[in-house]
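Chain identifiers are assigned alphabetically (A, B, ...) following the order of the sequence lines, protein sequences preceding nucleic acid strands; residue numbering begins at 1 within each chain.
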There are 2 protein chains.
Amino acid sequence: MTSVQKITKRAIILKEAAKLFKEKGFGGATMRDLAERVGIEAASMYNHIRSKDELLEEICFGIGRKYDEQLSQIDQKKITYPEKIEAVIAFHIQMIIEDANAVSVLNNDWKFLNSGQMIEFKAMRNEYEKHLAALISKGIEQGAFKKINVSVALFTILSSLRWVELWYKPSRGISKEDLAKDISAILMNGVKA
Amino acid sequence: MTSVQKITKRAIILKEAAKLFKEKGFGGATMRDLAERVGIEAASMYNHIRSKDELLEEICFGIGRKYDEQLSQIDQKKITYPEKIEAVIAFHIQMIIEDANAVSVLNNDWKFLNSGQMIEFKAMRNEYEKHLAALISKGIEQGAFKKINVSVALFTILSSLRWVELWYKPSRGISKEDLAKDISAILMNGVKA
DNA sequence: TTCCGAAACTAACAAACGTTAGTTAGTTTT
DNA sequence: AAAACTAACTAACGTTTGTTAGTTTCGGAA
């Protein structure tokens, strides 16, 4: 049994939910609409899931955990800080391309988590940002980066990456590697000649 | 009567609607919730507005037109292309700080416009992006910018600016001028030392 | 073939939704 | 003073929402 992932109906529902939430937003998406895409009746979905909220929760925290793990892995590598930042840029793009819908939901619909989960989510996100900010700070200390405002740099980088979700289509004919290279180049070296 | 703007109830509803839509999303916001914030009954609002959709429409196109006008004004100025881009960055930040809620609605809830208005909105946005892309292209031709991928540069800049909405608070103690300067610096010159 | 549990179905619920209708009090216009 | 207008109200409308209950279908194990 070497990593043969069983495709459960639950997984199908989650996948379609991510797509639907991205298209209509969590509030605008209805369970009947989702059920139609899955190919069963709305009521039947409750044999596989607990609630609409549970779908959102699983999407947000599932993706969130992936980000955390990847960042930790990169941080442990023995490479320079600019290389680490570039690795972060590359894996953000990879995540967005691999799991576009779920990443979009994480970015846009986390505010519909119930209050307890929302607090947890915000804590997770804060920690992630802190972790990334630390990489920038150390890079500055070592003289690898300019003496920039760390918060501004952090959010400029994170935000630059978010648009990939809105923009990237395979049809545009630019590979994810080239995209990562181009974005890295601009953020690292700017646009001015 | 020198520019004495009368504060109509309609204007109050629009202002509160922008705030509410930002908080809960267009789908998650209810007319009863909005009415409560305005201080009247939900039904009473219909003496001042036509529908919930109309609120969204007015917010999106009102802000959209402001962006268009400002960009045109900057383009007409006799300054260099890097200076024009920096001016665009400054006014985006200005817009976000002055009209945070409405800008957020434009960015996140335009997809809830009815189909006709959505087409119009997308056309407006495409034109705006084309206009801005042309500024970058000309800057490259003149040798003022590196030979970068114009689309990547365009969206990296636009996306970097969007996060200001999520991040900026007067309480952080950084002025909008300083913020514009720092963001400009990173986008123009990068982070690498 | 029989049996059983999983997974589908139909029907219905209560709550919430945007909106309309009808009315009333207060103000402005004629 | 009469008429018209403004802006608020209460009540209710017809839908749509997420979800539950009860029933049927169906594939695989005994």
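Using a 4.0 Å cut-off on heavy atoms, none of the residues of residues 18-26 of chain A approach DNA chain C. Contacts between residues 43-54 of chain A and DNA chain C, defined by a heavy-atom separation under 4.0 Å, are made by A:Ala43, A:Ser44, A:Asn47, A:His48.
Going from atom CZ of B:Arg32 over to atom C1' of C:dA15 covers 11 Å, rounded to whole Å. Between the CG atom of B:Leu34 and the P atom of C:dC17 there is a distance of 12 Å, given to the nearest Å. If you measure from atom CG of B:Asn114 to atom P of C:dG18, you get 16 Å, rounded to the nearest angstrom. Atoms CD1 (A:Ile40) and C1' (C:dA6) sit 12 Å apart, rounded to a whole Å.
Between B:Lys52 and B:Glu57 there is no salt bridge, since no side-chain N of the basic residue sits under 4.0 Å from a carboxylate O of the acidic one. Between B:Lys22 and B:Asp109 there is no salt bridge, since none of the side-chain N atoms of the basic residue sits less than 4.0 Å from a carboxylate O of the acidic one.
Between the side chains of A:Glu54 and A:Ser51, no donor N or O sits under 3.5 Å from an acceptor N or O. Between the side chains of B:Ser160 and A:Ser159, no donor N or O sits under 3.5 Å from an acceptor N or O.
Here the NZ-CG distance, from A:Lys9 to A:Asn47, works out to 10.5 Å after rounding to the nearest 0.5 Å. With rounding to the nearest 0.5 angstrom, the CZ atom of B:Arg125 is 5.5 Å from the CD atom of B:Glu129. Rounding to the nearest 0.5 angstrom, the gap separating the CD1 atom in A:Ile89 from the NZ atom in A:Lys181 is 14.0 Å.
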Test side-chain contact (heavy atoms from CB on, under 4.5 Å) applied to A:Leu158 and A:Leu132, step by step: CA-CA 10 Å; A:Leu158 286 179; A:Leu132 203 43; 3.7 Å; yes

Audit row: A:Glu58, A:Arg10, salt bridge (Lys or Arg N to Asp or Glu O under 4.0 Å) steps and yes/no: CA-CA 11 Å; A:Glu58 191 146 327; A:Arg10 184 171 220 276; 3.0 Å; yes

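Between B:Lys9 and A:Gly27, the one whose closest nucleotide on DNA chain D sits nearer the 5' end is B:Lys9.
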Donor-acceptor pairs under 3.5 Å, side chain of residues 60-75 of chain A to any protein atom, not counting sequence neighbours: which ones?
| unit_1 | atom_1 | unit_2 | atom_2 | d |
| --- | --- | --- | --- | --- |
| A:Ser72 | OG | A:Asp68 | O | 3.2 |
| A:Asp75 | OD1 | A:Lys84 | NZ | 3.3 |
| A:Asp75 | OD2 | A:His131 | NE2 | 2.8 |

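The ring-ring contact (aromatic ring centres under 6.0 Å, His included) analysis of residues 97-119 of chain B, with sequence neighbours excluded, yields the pairs B:Phe26-B:Phe112, B:Trp110-B:Phe121.
Annotation for A:Trp163 and B:Val152: closest pair CZ2-O, 4.0 Å, computed over non-hydrogen atoms.
Among the heavy atoms of the strands, none lies under 4.0 Å from A:Ala35.
With a cutoff of under 4.0 Å to any heavy atom of chain B, the contacted region of DNA chain D is bounded 5' to 3' by D:dA7 to D:dA12.
When hydrophobic clusters are built by joining Ile, Leu, Val, Met, Phe, Trp and Tyr residues whose side-chain heavy atoms come closer than 4.5 Å, directly or via intermediates, A:Ile119 is not grouped with A:Leu56.
In the helix from C:dT1-D:dA30 to C:dT30-D:dA1, the end axes, each obtained as the rotation axis mapping the C1' atoms of four pairs onto the next four within a five-pair block, lie 20° apart to the nearest 10 degrees.
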